[in-house]
There are 2 protein chains.
Amino acid sequence: MATGLTIGQAAAFAGVTIKTVRHYHRLGLVQEPERDGSGYRRYRSTDLLRLVQARTLAGAGVPLAEIGDLLDADPERFAAALDDVHRRLTERIEDLVARRDTLHRLTRGDRALLPDRACAVLDRLADLDFSPDYVATQREALVLAQALVPEVFDPFLTQLEHWLDDPEWIELTKRGWAAMSWDPDDPRIDGLASALAAKLLANRALLAMPNGVQYRSDTASRYGLVNHHREEQSPSIARLNALVEAKLRAAGIDVPRQ
Amino acid sequence: MATGLTIGQAAAFAGVTIKTVRHYHRLGLVQEPERDGSGYRRYRSTDLLRLVQARTLAGAGVPLAEIGDLLDADPERFAAALDDVHRRLTERIEDLVARRDTLHRLTRGDRALLPDRACAVLDRLADLDFSPDYVATQREALVLAQALVPEVFDPFLTQLEHWLDDPEWIELTKRGWAAMSWDPDDPRIDGLASALAAKLLANRALLAMPNGVQYRSDTASRYGLVNHHREEQSPSIARLNALVEAKLRAAGIDVPRQ
DNA sequence: GGTTGACCTTGACCTTGGGTCAACGTGCAC
DNA sequence: GTGCACGTTGACCCAAGGTCAAGGTCAACC
């Protein structure tokens, strides 16, 4: 008797598994066909059509719960819904393309976390013979800055780029890094702090908060968190920083505390 | 104290939810950072890096279970895996594009189920003033044929295309369809069967199984299922078909039974 | 007319990548 | 000291099926 296809044949025709077909039946997404004498579902071509329609929508990412309504809707609502699905699909495709394109950045971690401009600064630091340790610390600071105080991230980079053109700053900074291994009471620290503060004061325009930046109530503490990052690993560096900040405050600069 | 970011800050930085971060910890995909005095997780930049790497891979569709191993792998295995991910992502994108492109076929069901060539044949049937009912039945037959006997689907279409150029066949077929409403014992049925059989025998080359088609053991019954599709709704059509088949067999043609 | 093997039936639980809710502890600002 | 946002764990929920179990059917071969 020509009673129609079995579930396996129907599933193969629609390009889904048997389990999926039964799942659709259970969700009421595709009506169950009639059974034959032995209880087998028998699929006619209208069932196949419905199945293919459902699978196509599901494959396009439409939630199964919506598909039933959609297929039963009047043509204009259906057409509108199709447009919507098409749009969402296009978005998803573009998203995937973007993800694919960013994948290769993963091979170098820093480039995954920081914008190109910051990476360039770090590369220049390495070229200028700063120790890898120092570069790594700066990288950490930049990552933290981006996460914690994004509103000053760009001005911060501008500062760094400026200092990199100043050989004297480079020299001072390298000495400051070397101070990490000094005794916290080393008398050279005070001289170094004075020199650094003088250098900063000579370029005080750079220190001002850029125009347009909202000073959030917690910005200061976040900024401090960035500035004092890794200080706990070296008391001498902590003392150096404290001295420099005190000298800046004495000169009337508003340095955030803590 | 500069102990690092809280989970909410880390999650925001990586572009995921807090829950996702903890999920990754539980799966061992991202190591848990140290806790501060109050039990809060505190994220350093290496943790952020790992988190961003994990999220990027996960977003690209890599199963979470694989990501941990991947990120711990040596660079060349990691690069190979990245290539693989890139390839899968490209496949997925192409698949989505294809699905998007087939979406619009859903507005007309027949076009979603049948290839263009079959749709063209159905359109010609409608143009030739076959009743919508007849066209619908033919559509069902084509869908069934495609599902059940795909190996003869193209030759079957070729036959149909041939007959459509024969005005006499068109006339006979329309009379045959009209027979549906006749009494099964109507004497005109026999004459119609003779005319149809003669027409088929005059083009017997078309009836042969095409070269290269494997005659599966069940092809005959499937073929019969297609041919006798909808017969149960009209005893006169059933009788007409039976008569035609008998005449063909008498002429030495191998017509599958049942 | 058995037996084999492919296919069908239902039902219950498993999976992935998280979301949601509850019940409770912390940190900070006013 | 009182909100209020944020943190902690744990337990359950979700889509969209997959897997496994325990049988019933069907067709074919011997």
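Hydrogens, waters and symmetry mates play no part in the numbers below; they use all other heavy atoms, side chains included. Computed from a predicted structure; not experimentally measured. Here is the naming used below: chain letters follow the sequence lines, and residue numbers restart at 1 for every chain.
The CG atom of A:Leu57 sits 12 Å away from the P atom of D:dA16 (whole-angstrom rounding). Atom NZ of B:Lys19 and atom P of C:dT16 are 16 Å apart (whole Å). Atoms CZ (B:Arg42) and P (D:dC6) sit 14 Å apart, rounded to a whole Å. Atom CD of B:Glu32 is separated from atom P of D:dG7 by 14 Å (rounded to the nearest Å). In this entry the distance linking CG of B:Leu51 with P of C:dG17 reads 16 Å, nearest Å. Atom NE2 of B:His25 and atom C1' of D:dG7 are 13 Å apart (whole Å). Remark: P of D:dC26 and CD1 of A:Ile7 are 16 Å apart, rounded to the nearest angstrom. Between B:Glu66 atom CD and C:dT15 atom P the separation is 16 Å, expressed in whole Å.
Of all the heavy atoms in B:Leu71 and B:Ala54, the pair that sits closest is CD1-N, 4.1 Å. Of all heavy-atom pairs spanning B:Leu89 and B:Ala60, the tightest one is CD1-O, 3.3 Å. When all heavy atoms of A:Gln9 and A:Thr6 are compared, the closest pair comes out as OE1-N, 2.9 Å.
Between A:Tyr24 and D:dA16, a side-chain N or O to OP1/OP2 separation shorter than 4.0 Å is absent. Between A:Thr6 and C:dC7 there is no side-chain polar atom (N or O) within less than 4.0 angstrom of OP1 or OP2. Taking 4.0 angstrom as the limit, A:Thr17 places none of its side-chain polar atoms (N or O) nearer than this to OP1 or OP2 of D:dG17. Contact check, B:Ser38 against C:dG27: a side-chain N or O comes under 4.0 Å of OP1 or OP2.
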Quiz prompt | Pair B:Glu34-B:Arg44, side-chain contact (heavy atoms from CB on, under 4.5 Å): steps then yes or no | solution = CA-CA 9 Å; B:Glu34 291 181 5; B:Arg44 323 293 298 251; 5.9 Å; no
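The side chain of A:His23 has D:dA16 as its nearest neighbour among C:dG18, D:dA16, D:dG18. Comparing C:dG17, C:dC7, D:dT9 by their closest approach to the side chain of B:Arg35 singles out D:dT9. With D:dT9, C:dG17, D:dG10 as the candidates, the nucleotide lying closest to the side chain of B:Arg22 is D:dT9. The A:Tyr40 side chain lies nearest to D:dG24 when the options are D:dG24, C:dG18, D:dG17.
Residue contacts shown for B:Ile18 are limited to sugar-phosphate atoms, with no base heavy atom under 4.0 Å away. Residue A:Arg26 is out of contact with every strand shown, counting any heavy-atom pair closer than 4.0 Å. Using a 4.0 Å heavy-atom criterion, one finds that A:Arg41 contacts the sugar-phosphate atoms exclusively.
Between the side chains of B:Thr90 and A:Arg100, at least one donor N or O lies within less than 3.5 Å of an accepting N or O.
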